[in-house]
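Any value given below was found using the heavy atoms of this structure, including those in side chains, with hydrogens, waters and symmetry copies removed.
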Amino acid sequence: GQMPTASAVVSDLVGVALGTTPLMFKRLKIYPDVVARAETVPMAQTKTRYYLRLMCRDQPGVMGHVAQLFGKHGISLSAIRQPETDHVENVPVVITTHRADEGAVRAALAEIDRLATIVPPTVCLRVMEPPREFAGG
């Protein structure tokens, strides 16, 4: 709103005028020369949950084969949803996983997308979780 925004701007100007703003920034440790460099992990080693959407042939055994490939790569599935359809050749199947390595998920999807019963490409979205320190409780 107008008043809260104006109040914040005035507060910032007063901090600059009094010389307290540099001290605040120093305490926050947001400058790269003050904060230790963040540790990075190769993307293939990151662990998170995934939302996947596959287009599958509507025939028996397809989901069994897909689940088997996920299991081969050590990926645990948390939910599978396939809507009922009236004799449609291909149906969307939505799968969510438990936490898994990105590399394992990508390897499994590469094999799954090569199946004759799958219409590639499979949609793969990471499910981002808040950091533990923000989880509360």
* For side-chain contact (heavy atoms from CB on, under 4.5 Å), just list the numbers for R57 and N90, CA-CA rounded to whole Å, side-chain angles, deciding distance to a tenth of an Å, and then say yes or no. => CA-CA 4 Å; R57 293 259 165 79; N90 297 315; 3.6 Å; yes

* To do: Could you tell me whether a side-chain N or O of T48 sits under 3.5 Å from a main-chain N or O of V127, the two making a donor and an acceptor?
  => yes

* Is L69 reachable from I75 through a run of hydrophobic residues whose side-chain heavy atoms are each under 4.5 Å from the next? -> yes

* Where do V16 and T21 come nearest, in terms of heavy atoms and distance? -> N-OG1, 3.2 Å

* Mark yes when over 12 heavy atoms from residues, nucleotides or ligands other than E84 sit less than 6.0 Å from its CD; otherwise mark no. => no

* Asked: Between L54 and L52, is any pair of side-chain heavy atoms under 4.5 Å apart?
  -> yes

* Kindly give the heavy-atom pair with the smallest separation between P83 and P92, and that separation in Å. => CD-O, 3.2 Å

* Pairwise distance CE(M43) to CG(D101) - rounded to 0.5 angstrom -> 11.0 Å

* Can you get from V66 to L77 by hopping between Ile, Leu, Val, Met, Phe, Trp and Tyr side chains that sit under 4.5 Å apart? -> yes

Output a table of donor-acceptor pairs, distance under 3.5 Å, between side-chain atoms of residues 108-121 and any protein atom two or more places apart or on a different chain; print 'none' if there are none.
residue	atom	partner	partner atom	Å
E111	OE1	K72	NZ	3.0
E111	OE2	K72	NZ	3.1
E111	OE2	H73	NE2	2.7
D113	OD1	T122	N	3.4
D113	OD1	T122	OG1	2.5
D113	OD2	T122	N	3.2
R114	NH1	A110	O	3.4

* To do: Mind running side-chain contact (heavy atoms from CB on, under 4.5 Å) on Y51 and R126 for me, showing each step along the way?
  => CA-CA 6 Å; Y51 167 97; R126 292 179 200 97; over 6 Å; no

* In terms of hydrophobic clusters joined by side-chain contacts under 4.5 Å, are I80 and V62 together? -> yes

* Structure fact -> Members sharing L13's hydrophobic cluster, built from side-chain contacts under 4.5 Å between Ile, Leu, Val, Met, Phe, Trp and Tyr, are V9

* To do: Return the minimal non-hydrogen interatomic distance between C124 and Y50, and the atom names on each side.
  => SG-CD2, 3.7 Å

* Asked: Where do Q82 and M63 land on the side-chain contact (heavy atoms from CB on, under 4.5 Å) test, with the steps shown first?
  -> CA-CA 10 Å; Q82 177 181 343; M63 287 315 304; 4.3 Å; yes

* To do: Given side-chain contact (heavy atoms from CB on, under 4.5 Å), test T97 with S76 step by step and report yes or no.
  => CA-CA 6 Å; T97 72; S76 176; over 6 Å; no

